[in-house]
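Accompanying notes for the structure given below.
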There are 4 protein chains.
Amino acid sequence: MSAPMSPEAEPARVPEGILVHPTGARSRRVHEAALRATCDLLDEGGLPAVTVDAIAERSGVSKATLYKHWPSKTAVAAEAFGRRMAETVALPDTGTARGDLAEQVRLVSAFYASPAGTVFAQLLAACVSDPGAAPYFRVYFLHGRRVAIGVLWERAVRRGEVDPAIDVETAIDILFGPLVFRLISGHRPLTPEEADAISGAALYGLLRHTSTGAD
Amino acid sequence: MSAPMSPEAEPARVPEGILVHPTGARSRRVHEAALRATCDLLDEGGLPAVTVDAIAERSGVSKATLYKHWPSKTAVAAEAFGRRMAETVALPDTGTARGDLAEQVRLVSAFYASPAGTVFAQLLAACVSDPGAAPYFRVYFLHGRRVAIGVLWERAVRRGEVDPAIDVETAIDILFGPLVFRLISGHRPLTPEEADAISGAALYGLLRHTSTGAD
Amino acid sequence: MSAPMSPEAEPARVPEGILVHPTGARSRRVHEAALRATCDLLDEGGLPAVTVDAIAERSGVSKATLYKHWPSKTAVAAEAFGRRMAETVALPDTGTARGDLAEQVRLVSAFYASPAGTVFAQLLAACVSDPGAAPYFRVYFLHGRRVAIGVLWERAVRRGEVDPAIDVETAIDILFGPLVFRLISGHRPLTPEEADAISGAALYGLLRHTSTGAD
Amino acid sequence: MSAPMSPEAEPARVPEGILVHPTGARSRRVHEAALRATCDLLDEGGLPAVTVDAIAERSGVSKATLYKHWPSKTAVAAEAFGRRMAETVALPDTGTARGDLAEQVRLVSAFYASPAGTVFAQLLAACVSDPGAAPYFRVYFLHGRRVAIGVLWERAVRRGEVDPAIDVETAIDILFGPLVFRLISGHRPLTPEEADAISGAALYGLLRHTSTGAD
DNA sequence: GCTTAACCGAGACGGTACGTCCCGTCTTGTT
DNA sequence: AACAAGACGGGACGTACCGTCTCGGTTAAGC
């Protein structure tokens with residue numbers, strides 16, 4: 001809705017409108033303690049290990065206070081996961097849009113296949129039954145990712161390598177939606193080969209090319 | 001035992017390995033009663049309304065029996081939902097692959113945006129944390145859908161309209177993965193316009209086309 | 001340990017030893033505001049409606065301040081209730097001790113059966129698990145009542161109508177203890193008829209009278 | 001098992017109407033386990049030590065099950081306390097009604113002044129704010145006591161020692177109500193001397209006796 | 001009239017217990 | 001033998017108050 005697009009943009013601007021919670025020195029410390037404990041729990045047992053009671057016990061933050069800072073445990077986990085992952089964003093630069101995008105699809109595919117990818121899937125799934133947590137996931141995780149891909153796309157547009165009529169949002173979803181689909185439903189594996197097949201087909205399109213040329 | 005999903009892929013072979021449960025006349029009646037009750041519950045309150053206790057009470061099937069037929073409530077819901085939806089599959093035939101596929105993306109997008117689409121999202125999400133239910137969802141729902149799209153794709157391949165080097169599985173995921181992504185994360189709407197933007201970009205590819213023409 | 005019985009005994013003497021709190025003009029205003037808010041809460045929902053948070057919000061007095069004036073919310077409620085009820089004490093004067101005491105038992109029984117009687121029971125009960133509040137209840141409520149009955153009793157003693165060997169405390173407990181017992185445990189109703197039965201038996205004793213006359 | 005309601009009337013007749021809970025061998029064992037654990041907790045810390053969580057942990061009975069057997073923790077405590085105390089009822093037999101009743105008042109006064117008396121007071125008080133528990137307290141504790149006193153009273157009536165016009169319920173409340181009042185409010189001590197003063201005044205009445213002799 | 005110290009409001013916080021929900025297992029008795 | 005009925009242990013939920021503890025901001029007395 002309103003999230004600023006710059007890499008360093010502070011969430012303090014209240015993106016999505018409602019991620020508000022107590023402020024002040026003490027509250028900030030409490031907030032961080034809860035996020036740190038939640039990260040540990042995610043590492044140890046994924047999202048299922050993240051229960052409100054566990055966060056409270058591990059962090060020393062009381063349950064009532066947790067509910068004053070977040071609408072649900074999923075929201076805490078989304079913020080904790082998003083904040084940590086924000087550090088690990090590294091964009092490829094191969095010289096061509098084709099190369100950059102294909103590489104990025106490969107990277108994201110590998111990420112999804114990793115343990116962190118499992119957590120990503122659990123969070124994504126949890127947001128379906130926990131609408132209050134969805135904004136947290138979008139703001140603290142998805143948003144940063146989409147911004148990063150946006151940089152790649154803009155670069156490609158400036159170079160004239162991609163179709164400028166295509167919205168970046170559409171492009172992102174076409175490249176990564178297939179990976180998400182597979183991650184969630186598990187109907188196909190997430191291997192580098194599959195990643196290349198997907199990026200290849202997405203970049204060049206599904207329709208026959210020779211038909212436009214000659215033949 | 002289970003609904004045959006397509007001409008060649010018979011689930012009777014116990015696909016995915018473990019969809020077994022008691023047989024016999026009495027058991028069959030019990031099985032159907034549970035599925036019927038589950039359908040009602042899905043209609044009334046979506047997946048959250050489907051609890052083992054509710055199915056048992058509504059269907060007259062005891063909880064112990066339910067656990068002999070299915071590994072979890074999500075599995076029951078997946079089978080119930082899949083069976084019902086199997087009746088409503090109708091493939092477009094516009095005369096061109098481009099038209100058929102674009103229309104199908106529009107239809108699926110509309111389906112996802114409907115109440116049934118909400119249930120679909122809930123089931124998909126539930127499968128993440130309930131691995132035992134995932135096969136049921138694939139066999140009783142996804143499989144039929146993919147087979148149907150496969151028919152469209154084969155037709156297009158025979159006509160020479162699509163790139164035959166692209167695997168049908170890849171094509172399916174590129175066309176519908178973006179919709180699934182949006183359905184789950186809610187970061188973009190599922191309107192007909194968006195559906196067309198996606199199918200357009202997917203069919204023609206993200207890279208600039210003029211490059212193929214001249215230059 | 002117990003409250004002095006004299007009519008003029010002012011609470012300012014700090015009976016029971018520990019009913020101390022900040023003084024000064026500002027504090028007095030705060031004190032009154034809290035009592036007023038507590039009275040309102042008692043009217044609206046009885047003692048259960050009296051929570052420290054509710055008093056604070058309603059009165060504008062902060063929780064920390066409340067704890068500087070009273071040891072617990074029960075103490076506030078006891079003082080608020082006692083102060084208000086102090087205005088409503090009216091002693092019967094029928095001409096005979098028998099009539100006065102019987103009428104008083106009837107009046108108290110009716111009071112116990114009224115909404116205010118419910119609050120009385122709640123306060124009495126609360127003092128069991130909140131020893132810090134008991135002095136407040138005794139000083140601000142019970143004391144006044146016992147003093148009033150003491151007036152009746154003294155009058156009767158002077159008239160020679162009652163047994164002067166019986167301590168006024170004993171007499172009070174025999175006349176009103178039964179009512180309190182019923183109020184708390186609810187094993188018998190608090191009707192005027194029952195009140196008369198109790199006062200009658202208490203005044204004349206349980207033993208057979210004819211036996212003393214004849215035999 | 002339970003306080004006899006009358007020589008032969010079994011509580012199974014659902015006294016007070018609603019003390020129902022699951023039956024069957026397993027349930028009976030669970031019921032007993034909960035009561036035993038509650039007794040231990042009462043011994044260790046009185047009613048405040050009886051929390052639903054504590055009963056559950058100590059007895060191995062789950063919270064949900066506890067709530068299927070009793071409406072509240074107070075009800076459990078009342079039943080546990082009542083059942084245990086039922087064993088300790090011993091009636092005096094001094095030869096005269098006067099002696100029997102005075103002795104009984106002394107005994108009850110001593111009981112109230114004992115640790116068990118504290119628990120009694122806590123239960124009585126708790127029933128005020130927990131109406132669902134009151135029937136349990138009446139059925140499992142008060143009733144047995146009142147029946148016992150009733151035996152004393154009947155004996156006295158048959159002997160012609162007490163006024164037959166006085167209902168036994170009234171007599172009981174006059175003799176023991178004062179003790180209960182003192183126990184709860186703490187305005188006077190519960191010593192043997194006070195007990196005798198009370199029973200003396202109650203048995204002979206508050207009015208002057210010389211009037212019956214002459215005049 | 002100006003400090004300055006006591007008092008206050010606002011409210012966040014840790015803690016304890018609550019009563020509920022649903023799961024998956026197990027027992028009992030029936031058909 | 002398979003089933004209905006349903007009790008049970010377990011675990012997590014979200015809420016309600018409590019009593020304590022910072023923070024700043026007002027008084028209102030004493031200098």
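A, B, ... follow the sequence lines: proteins, then strands. Residue 1 opens every chain. Every heavy atom of this structure was used, including side-chain atoms; hydrogens, water molecules and symmetry mates were not.
A salt bridge is defined here as a Lys NZ or Arg NE, NH1 or NH2 lying under 4.0 Å from an Asp or Glu carboxylate O, and E44(A) with R58(A) meets this definition.
Between the P atom of dG24(E) and the CD1 atom of I55(B) lies a distance of 11 Å, rounded to the nearest Å. Between the CD atom of E32(B) and the P atom of dC3(F) there is a distance of 14 Å, rounded to whole Å. As rounded to whole Å, 16 Å separates atom C1' of dA12(F) from atom CD of E57(D).
When heavy atoms are screened at a 4.0 angstrom cut-off, R29(B) is found touching no nucleic acid atom at all.
Pairs of residues two or more places apart, or lying in two chains, that qualify as ring-ring contact (aromatic ring centres under 6.0 Å, His included) and include a residue from residues 22-67 of chain D are H21(D)-H31(D), H31(D)-H69(D), H31(D)-W70(D).
With a 4.5 Å cut-off on side-chain heavy atoms, V119(A) and F81(A) count as touching. Side-chain contact between T118(A) and Q122(A) is present, with heavy atoms from C-beta onward closer than 4.5 Å. Between D130(C) and C127(C), every side-chain heavy-atom pair lies at or beyond the 4.5 Å cut-off. Using a 4.5 Å cut-off on side-chain heavy atoms (C-beta onward), T23(D) and R28(D) make no contact.
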Summarise how protein sits on nucleotides 13-19 of chain E as a single string, 5' to 3': B when a protein heavy atom is under 4.0 Å from the base, S for sugar-phosphate-only contact, - for no contact.
BBB-SBB
